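Note that the coordinates shown come from a computational prediction; the quantities given were computed from them, not determined experimentally. Chain letters run A, B, ... following the sequence lines, proteins first and then strands; every chain starts at 1.
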2 protein chains.
Amino acid sequence: MRAISHPIREQLSLVGVLHALSDPVRLEIVRSLADEAELSCGKLAVAVSKSTLSHHLKVLRDAGLTQTRAVGVHRFVSLRAGDIEARFPGLLDCVLEHSAST
Amino acid sequence: MRAISHPIREQLSLVGVLHALSDPVRLEIVRSLADEAELSCGKLAVAVSKSTLSHHLKVLRDAGLTQTRAVGVHRFVSLRAGDIEARFPGLLDCVLEHSAST
DNA sequence: ATCATAGTTCGACACACGTCGAACTTCCGG
DNA sequence: CCGGAAGTTCGACGTGTGTCGAACTATGAT
């Protein structure tokens with residue numbers, strides 16, 4: 001079983017988080033995840049190929065914005081809302097609020 | 001006299017703004033500008049060459065975060081705080097607040 | 001008209017990034 | 001044990017990015 005590593009809360013950097021959110025595809029993924037507790041990869045409705053989606057999910061995970069857990073062949077992704085809020089209070093909510101109107 | 005073009009407020013995009021802020025040098029520039037009404041290029045204390053600074057200032061200007069006015073040979077740069085706040089309320093303050101503790 | 005200054009632009013370099021198809025790995029049902 | 005599915009990784013491609021020195025442009029002082 002493949003272990004999925006995540007950065008710990010203290011490793012989240014502002015620049016890293018802003019960079020991860022500065023791509024339209026990743027911002028769309030984060031918005032989808034904000035509306036659900038978690039989603040499987042297949043349920044994420046983004047218009048890119050599977051390998052591109054994997055790439056973007058890796059960027060989000062490495063930035064510390066999301067966490068991934070495996071169940072059989074499925075990968076479930078969720079926002080690390082608690083960690084992000086603890087680390088940068090208000091930032092994610094602010095970004096999500098403004099992304100809705102873009 | 002060289003006219004310095006800026007995007008209008010409506011042209012500011014969330015992704016563009018986040019991208020502009022997702023670089024450590026530009027974030028440092030924005031932080032410096034947040035503390036002063038405006039600064040000349042030479043007063044911006046960032047550890048990069050003049051051409052790199054020009055590059056970053058262009059990125060910030062193109063993203064709509066800053067405005068530049070020329071006075072003789074000097075260029076004075078300031079945050080478009082009003083436009084940013086109107087366009088994405090709370091976002092810049094939030095980012096600046098968190099960048100201070102990085 | 002010349003010179004110094006501030007800042008920009010050019011062009012080059014090395015690396016980063018987003019994209020994808022093919023191949024791969026892991027899991028589970030039959 | 002085999003095949004299908006989910007998702008990852010590899011490698012390639014084209015473009016983007018941050019860096020800088022050299023050359024350039026505009027301004028103002030002389």
Side-chain angles (χ1 to χ4, degrees), chain A residues 1-7 13-33 36 38-78, chain B residues 1-7 13-33 36 38-78:
Chain A
M1 183 180 67
R2 283 181 278 180
I4 308 171
S5 68
H6 299 80
S13 77
L14 181 62
V15 160
V17 166
L18 292 175
H19 171 261
L21 293 171
S22 70
D23 176 86
V25 171
R26 292 197 290 276
L27 193 52
E28 183 59 31
I29 291 169
V30 168
R31 287 188 57 205
S32 299
L33 292 174
E36 313 284 344
E38 69 177 358
L39 285 168
S40 65
C41 296
K43 289 293 193 292
L44 287 161
V46 285
V48 294
S49 77
K50 283 188 16 165
S51 49
T52 302
L53 178 59
S54 280
H55 160 76
H56 282 304
L57 289 177
K58 184 181 192 308
V59 172
L60 288 171
R61 188 168 63 244
D62 288 349
L65 281 157
T66 58
Q67 66 208 335
T68 301
R69 73 185 176 97
V71 177
V73 296
H74 287 275
R75 290 287 179 281
F76 288 93
V77 188
S78 58
Chain B
M1 181 182 67
R2 284 181 277 183
I4 307 170
S5 69
H6 299 80
S13 77
L14 181 62
V15 160
V17 166
L18 293 174
H19 171 261
L21 294 171
S22 70
D23 174 87
V25 172
R26 291 197 291 274
L27 194 52
E28 183 60 32
I29 292 169
V30 168
R31 286 189 57 206
S32 299
L33 293 173
E36 313 284 344
E38 71 178 356
L39 284 166
S40 65
C41 297
K43 290 293 192 293
L44 286 162
V46 284
V48 294
S49 77
K50 285 185 23 165
S51 49
T52 301
L53 178 59
S54 280
H55 160 75
H56 284 302
L57 289 177
K58 183 182 192 308
V59 173
L60 288 171
R61 187 168 63 246
D62 289 349
L65 281 157
T66 58
Q67 66 208 335
T68 301
R69 73 187 177 95
V71 177
V73 296
H74 286 275
R75 292 283 179 281
F76 287 93
V77 187
S78 57

Sort out for me which residue in R61(B), E28(B), R26(B) forms a side chain to side chain donor-acceptor pair (under 3.5 Å) with H56(B).
R26(B)
Which pairs, protein N/O on one side and nucleotides 10-15 of chain D N/O on the other, fall under 3.5 Å?
none

For DNA chain D, which residues in residues 58-68 of chain B have a heavy atom at a distance below 4.0 Å?
none
What is the distance, to the nearest angstrom, from the CG atom on L27(A) to the C1' atom on dC17(C)?
17 Å
What's the verdict on side chain to side chain contact (heavy atoms under 4.5 Å, CB included) for V30(B) and L21(B), showing C-alpha distance, side-chain angles and the deciding distance?
CA-CA 8 Å; V30(B) 168; L21(B) 294 171; 3.9 Å; yes
5'-most contact on DNA chain C (nearest-nucleotide basis), S40(B) vs V73(A), goes to S40(B)
How close do A63(B) and G16(B) get, heavy atom to heavy atom, and via which atoms?
CB-O, 3.8 Å
Show, in sequence, the C-alpha distance, side-chain angles and deciding distance for K58(B) and S54(B), and conclude whether the side chain to side chain contact (heavy atoms under 4.5 Å, CB included) test is met.
CA-CA 6 Å; K58(B) 183 182 192 308; S54(B) 280; over 6 Å; no
Which atom pair, heavy atoms only, marks the closest approach of V25(A) to D23(A)?
N-OD2, 2.9 Å
Relative to the 5' end of DNA chain C, which residue comes earlier, V71(A) or H74(B), by the nucleotide with the nearest heavy atom?
H74(B)
Is any side-chain nitrogen or oxygen of T52(B) closer than 4.0 Å to OP1 or OP2 of dC20(D)?
yes
Below 4.0 Å: OP1/OP2 of dT19(C) and any side-chain N or O of H56(A)
yes
Short side-chain to backbone donor-acceptor contact, R69(A) and I4(A), under 3.5 Å
no
Whole-Å gap separating C1' (dC17(C)) and CG (L18(B))
17 Å
Nucleotide dT26(C), atom C1' - distance to NZ of K50(A) in whole Å
13 Å
Distance-only donor-acceptor pairs under 3.5 Å for side chains of residues 42-50 of chain A, two or more places apart:
residue : atom : partner : partner atom : Å
S49(A)  : OG   : S51(A)  : OG           : 3.2
S49(A)  : OG   : T52(A)  : N            : 3.3
S49(A)  : OG   : T52(A)  : OG1          : 3.2

Shortest side-chain distance from D23(B), nucleotide among dC20(D), dG18(D), dC20(C)
dG18(D)
Side-chain N,O (R75(B)) to OP1/OP2 (dA26(D)) below 4.0 Å:
no
Ignoring hydrogens, what is the shortest heavy-atom contact between S32(A) and L39(A)? Give both atom names and the distance.
O-CD1, 3.9 Å
V77(B) versus L33(B), closest heavy-atom pair with distance:
O-CD2, 3.4 Å
note: L53(B), atom CG; dG21(D), atom C1'; distance rounded to Å ~ 15 Å
Between P on dA26(D) and CZ on F76(B), what's the gap in Å once rounded to a whole number?
20 Å
Ignoring hydrogens, what is the shortest heavy-atom contact between L65(A) and A20(A)? Give both atom names and the distance.
CD1-CB, 3.6 Å
Just how far, in rounded Å, is P of dA16(C) from NE2 of H55(A)?
13 Å
R69(B) CZ to dT8(C) P, straight-line distance once rounded to whole Å:
15 Å
Short side-chain N/O contact from H19(B) to OP1 or OP2 of dT17(D), under 4.0 Å
yes
How many whole angstroms separate atom CG of L57(A) from atom P of dG18(C)?
13 Å
